[in-house]
Amino acid sequence: PEALRLMPRVYNRKKHHPPDAVLIDRTTPYGNPYRASVYGKEEAIRLFEEHVLPDLDVEPLRGKDLLCHHDGKCHGHSILRKLRLTRRTS
């Protein structure tokens, strides 16, 4: 039987996290170009969801934990939600 796999989650990169978690900051294709320091956290996430996420290929992140710079809610949670709501392509 296949081993039980916990749902992927978003970790703060400066805190304890799995060594194979994937960085999703602006140095990667998965980063949010809308800065929380400019737009505020909630608006930056909303803008990411509206303008970036619809066309972002998140399939390579399926089943992986994510690393972000923020504590609490961030665009990484939006990425995980999209993965949960879409079917696996392979």
Side-chain angles (χ1 to χ4, degrees):
E2 192 170 311
L4 177 64
R5 174 131 173 95
L6 298 175
M7 293 286 291
R9 54 182 283 210
V10 180
Y11 291 87
N12 181 298
R13 69 180 290 268
K14 295 178 183 172
K15 297 182 180 174
H16 180 73
H17 58 270
D20 59 345
V22 179
L23 186 62
I24 56 164
D25 68 6
R26 279 187 282 282
T27 66
T28 75
Y30 307 107
N32 186 351
Y34 301 99
R35 295 180 179 272
S37 61
V38 174
Y39 297 95
K41 192 182 230 184
E42 292 298 320
E43 182 66 2
I45 293 169
R46 188 192 70 74
L47 290 167
F48 175 81
E49 290 174 347
E50 183 177 330
H51 299 287
V52 178
L53 192 57
D55 297 320
L56 185 63
D57 178 15
V58 296
E59 193 60 32
L61 301 175
R62 186 172 296 282
K64 299 183 179 179
D65 291 312
L66 308 180
L67 287 179
C68 191
H69 294 273
H70 297 281
D71 282 318
K73 185 177 177 187
C74 76
H75 76 289
H77 295 95
S78 304
I79 291 171
L80 291 180
R81 184 171 46 257
K82 179 177 179 176
L83 285 165
R84 280 194 309 271
L85 296 174
T86 57
R87 291 185 166 193
R88 188 180 304 256
T89 59
S90 57

Of all residues at least two apart in sequence or in a different chain, which pass the side-chain contact (heavy atoms from CB on, under 4.5 Å) check with R35?
->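 Checked R35 against side-chain contact (heavy atoms from CB on, under 4.5 Å); matches are R26, S37, V38.
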Check side-chain contact (heavy atoms from CB on, under 4.5 Å) between D57 and all other residues, then give those that pass, not counting sequence neighbours.
->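 Only E59, P60 meet the side-chain contact (heavy atoms from CB on, under 4.5 Å) criterion with D57.
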E43/R46 salt bridge by N-O under 4.0 Å criterion |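 Looking at R46 and E43, the cut-off is met.
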Give a yes or no on whether a salt bridge exists between K73 and E42, defined as a side-chain N under 4.0 angstrom from a carboxylate O.
->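 The answer is yes: the pair qualifies as a salt bridge.
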Is there a donor-acceptor pair under 3.5 Å between the side chain of D65 and the backbone N or O of R9?
->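 The answer is yes, because a donor-acceptor pair under 3.5 Å joins these two groups.
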Expected output: side-chain K82 to main-chain V58 donor-acceptor under 3.5 Å |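 No.
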Would you give the length of the straight line joining atom NZ of K64 to atom CD1 of I79, rounded to the nearest 0.5 angstrom?
->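 Separation between the atoms: 13.0 Å.
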Hey, are the side chains of H70 and V10 touching, using non-hydrogen atoms and a 4.5 Å cut-off?
->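 SC-SC contact between H70 and V10 ruled out.
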What residues join L23 in its hydrophobic cluster, counting side-chain heavy atom gaps under 4.5 Å, either direct or through other members?
->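 So far as hydrophobic clustering goes, L23 is joined with Y11, L67.
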Partners meeting ring-ring contact (aromatic ring centres under 6.0 Å, His included) with F48 (sequence neighbours left out) | H75
Not counting sequence neighbours, which residues clear salt bridge (Lys or Arg N to Asp or Glu O under 4.0 Å) with K41? List them please.
->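 Salt bridge (Lys or Arg N to Asp or Glu O under 4.0 Å) list for K41, sorted by chain: empty.
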Please name all residues satisfying salt bridge (Lys or Arg N to Asp or Glu O under 4.0 Å) with K15, sequence neighbours left out, ordered by chain then number.
->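 Expected list: D71.
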